[in-house]
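Structure first, then comments.
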Amino acid sequence: MIVAMRSDASQADVDVVVQRITEHGLKAISLPGGERVAIGIASTIPPEVRAPLTELLEVMPGVDHVAQVSRAYKLASREFHPVDSVVEIKGITIGAPTFTVAAGPCAIESRDQLMRAAEAVKKAGAKALRGGAFKPRTSPYAFQGLGPKGLRYLKEAGEAAGLITVTEIMDQHDAEMIAEHADILQIGARNMQNYALLNAVGLLDVPVLLKRGPGATIDEWLLAAEYILCQGNRRVILCERGVHPLDRTYTRYTLDVSAIPVVKSISHLPILVDPSHAAGNRAYVPALCLAAAAAGADGLLVEVHPDPASALCDGPQSLSLGTFETLMQDIRAFCRKKRL
Ligand code: PEP
Ligand code: MN
């Protein structure tokens, strides 16, 4: 439920509305946007309370109207937060009007590999360095990442190149350690509905990049974001990375380009696109990057490796440093109206 106040409502009017809501055992949230104050109720309103509370609030001094929020997610919805959210990290912004590119290897393999990647992606115009230290692998025998040592390399490489950093968290108990070494915590596609993990990162004051599970609907994805938001962490960035494909012959997943304008219309959260995992093949990555920019994404998360042929994880979909540089020139030309 949203209580929209009139533009001439006084602070005392607002305070009394908040008090009435609180008296009903509900949490009132002040909502940003426009010249008028609005107050939202994100918690579930018992059916027997909804009608009488609406009637009560509608006639209170300073109240313009009371609107019911139709969607299951509240804090993630544009109804609750009409203006686009912008996540700011060390002076780098993710969300309109910038187009922010994060790039780097799938997995951190060595100090040298990461330093080379960081220097090259920075030079090409990326603002963030990606690299996994804890890797979710299908096989327990596959390279699982360097763990804490990888995190130390990430911090060092990010600082040396002047890039913010993003890395995946798989275990809620690692949250503090990872947050000490990286600027953005990535929740991977496999963990999109790991509610213990979502709740844990929701309690932190660290930006979270929430990937869409390949089998998740857009509503399920936004409800996963709601878990983080309702714990108090409002710095959530969405990431579309491909959904289960009709045809696996040519691509690993199918990039759901239509999810970009849909999410933009129903949510205020910034959205990045990961074309690498969607394509699974570096040949298709540049086209998907441009498609994402054209569809209104706020940026990209791209896998780049100094020597893709020797990569320990996701080599076939990783761009070489040279290809990434060319791609960034193409994106820059394409996004002339935006700041890259
Ligand atoms: C990754 O970014 O390296 C990764 C594992 O991605 P996803 O969770 O989208 O599969
Ligand atoms: Mn990967």
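Ligands are counted one by one from 1 in listed order, and the atoms in each one are counted from 1 as well. Basis for what follows: all heavy atoms, side chains included, without hydrogens, waters or symmetry-related copies.
- Assignment of Cys106 to the shell around ligand 1 is supported, since a heavy atom sits closer than 4.0 Å.
- With respect to the salt-bridge test (charged N to carboxylate O, under 4.0 angstrom), the residues Glu119 and Lys122 do not qualify.
- Of the listed residues (Glu168, Glu240, Arg130, Arg241), the one carrying the non-hydrogen atom nearest atom 5 (C) of ligand 1 is Glu168.
- Judged by distance alone, the side chains of Arg130 and Gln186 never bring a donor and an acceptor atom under 3.5 Å apart.
- Checked for salt-bridge contact, Asp13 and Arg6 miss the test: no charged N lies under 4.0 Å from a carboxylate O.
- Relative orientation of the His244 and Tyr253 rings is tilted, given thresholds of 30° and 60° on the angle between their planes.
- Residues Gln11 and Asp15 bring a donor and an acceptor atom of their side chains to less than 3.5 Å of each other.
- Residues in residues 168-212 take part in these ring-ring contact (aromatic ring centres under 6.0 Å, His included) pairs, two or more places apart or across chains: Tyr195-Tyr227.
- Those atoms of ligand 1 with a heavy atom of Glu303 less than 4.0 angstrom away are 3 (O).
- With the Mn ion (ligand 2) as the vertex, atom OD2 of Asp314 and atom NE2 of His277 span an angle of 90° (nearest 10 degrees).
- Residue-level check: among N/O/S atoms of Glu303, OE2 sits closest to the Mn ion (ligand 2).
- Given atom 4 (C) of ligand 1, the protein heavy atom at minimum distance is His277 NE2, 3.4 Å.
- The nearest heavy-atom contact from the protein to atom 6 (O) of ligand 1 is Lys211 NZ, 2.9 Å.
- Within the listing of ligand 1, atoms 8 (O) sit less than 4.0 angstrom from a heavy atom of Gly188.
- Taking 2.8 Å as the threshold, Cys106 counts as a candidate ligand of the Mn ion (ligand 2), since one of its N, O or S atoms lies below it.
- Backbone and side-chain nitrogen or oxygen atoms of Asp274 are examined, and none is located within less than 3.5 angstrom of a nitrogen or oxygen of ligand 1.
- Under a hydrophobic-cluster definition in which Ile, Leu, Val, Met, Phe, Trp and Tyr are linked whenever side-chain heavy atoms come within less than 4.5 Å, directly or via other members, Leu312 and Leu151 are assigned to the same cluster.
- Asp314 and His305 form no side-chain donor-acceptor contact under 3.5 Å, judged by distance and modelled atom types alone.
- Remark: minimum distance from atom 8 (O) of ligand 1 to any protein heavy atom is reached at Ala189 N, 2.7 Å.
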